[in-house]
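Here the structure is laid out as structure tokens; the discussion comes afterwards.
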Protein chains: 2
Amino acid sequence: MNLINADAIKKVLQDNGVKPSLQRIKIYEFLTTQKSHPTVDEIFVSLAPELMTLSKTTVYNTLNLFVEKKIITSILVEENEIRYDSDITNHGHFKCIKCKKVYDFSYDLSKHAIAELSDCAITEYHAYIKGICNKCL
Amino acid sequence: MNLINADAIKKVLQDNGVKPSLQRIKIYEFLTTQKSHPTVDEIFVSLAPELMTLSKTTVYNTLNLFVEKKIITSILVEENEIRYDSDITNHGHFKCIKCKKVYDFSYDLSKHAIAELSDCAITEYHAYIKGICNKCL
DNA sequence: GTATCTGCAAAACATTTGCAATTCT
DNA sequence: AGAATTGCAAATGTTTTGCAGATAC
């Protein structure tokens, strides 16, 4: 992790009212550099060697805090796992049912007016697709 | 439950290779008449008075069987709950974060070609939106 | 020195599994 | 009787909570 990046990450956290502790910086850095939409467990396993005292509780606490502060979003593609994404712009997610990877695709559901919801106050748009990716076909 | 409906339900189950036991008929009937996208718990609580020996295991078994046989689909709008829908056509779901109800909206993501996924084999399209419904505003 | 943050252990839930009892044909 | 279905109890897995110790300003 280079220092320029570290400073940029600290700034994002501070600008959103989150104190930049080492654990928080590392978790946010992991999400921004690895665009793999990791689960809590994947984040924990990846960072544990470096942050030897890290606990899953802290990963949960931190991710919930980030979501609350709208620094990241949680995404659902499978019922038994919440995944996290540091890209908070509207886009879709594609999960390959063979290799289990989750890919982004550019698609903004908010751009498609939905008549039935015209009198609702919308806070979140989500689109996801499942299938088999080109590498697995 | 009228008998004409019962026969129609039996036919759907049989046509899809599912033996129409009382529990299965009642669960499928509940899903088709109550278009409320219930959770396992809601289905169990609603049917338990009528089917006094019903167990949650049977509700789980039955719903998993229905999904496997593509008689119903499971939908995700919230991380801690799987909901079920007897409408298997492509459409979207809107969850009101105040009253917690889940509404349908007509929207077929498959009609919107996504260039990045043109070389993938797609099996499922999902779109969901969160916000506050007109009744709660 | 007081607030906050971290992390262990336990609790809370949802879902699955093993297996015995029941039901259906 | 034989095969499938049901349902209890226990196991599994994920997320949350309570709280004590560590850290930071």
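In what follows, chains carry the letters A, B, and so on, assigned in the order in which the sequence lines appear, proteins first and then strands, with residues in each chain numbered from 1.
- At whole-Å resolution of the value, CD in A/Glu78 and P in C/dT16 are 12 Å apart.
- Rounded to an integer number of Å, the gap from A/Gln23 CD to C/dT4 P is 17 Å.
- Applying a 4.0 Å cut-off to non-hydrogen atoms, the residues of residues 31-62 of chain A that approach DNA chain D are A/Thr57, A/Tyr60, listed by residue number.
- At least one side-chain heavy atom of A/Asp85 sits less than 4.5 Å from a side-chain heavy atom of A/His93.
- The closest donor-acceptor contact from the side chain of B/Thr123 to the backbone of A/Lys130 lies under 3.5 Å.
- Whole-Å rounding puts the B/Asn80 CG to D/dT15 C1' distance at 9 Å.
- Listed for the A/Glu42 side chain is a donor-acceptor partner under 3.5 Å among the backbone atoms of A/Thr39.
- Under the 4.5 Å side-chain contact rule for hydrophobic residues, B/Ile72 and B/Tyr125 do not share a cluster.
- Both distances falling under 3.5 Å, in either a Watson-Crick or a G-U wobble arrangement, occur for no nucleotide opposite C/dA3.
- In this structure, B/Leu65 and B/Glu79 both approach DNA chain D, and ranking their closest nucleotides by distance from the 5' end singles out B/Leu65.
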- [ ] Just do the salt bridge (charged side-chain N to carboxylate O under 4.0 Å, His left out) check on B/Glu78 and B/Lys100 with the steps written out, would you?
- [x] CA-CA 10 Å; B/Glu78 211 76 75; B/Lys100 315 291 186 196; over 6 Å; no

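- The backbone N or O of A/Val18 lies less than 3.5 Å from no partner atom in the side chain of A/Asn16, so there is not a single donor-acceptor pair.
- Judged purely by distance below 3.5 Å, without hydrogens or angles, the side chains of A/Asp108 and A/His91 never pair a donor atom with an acceptor atom.
- The base-pairing partner of C/dT16, taking Watson-Crick or G-U wobble contacts with both distances under 3.5 Å, is D/dA10.
- Annotation: side chain of B/Leu13 is in contact with side chain of B/Phe66 (closest heavy-atom distance under 4.5 Å).
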Could you list the protein-to-nucleotides 23-25 of chain C atom pairs, N/O on both sides, closer than 3.5 Å?
none

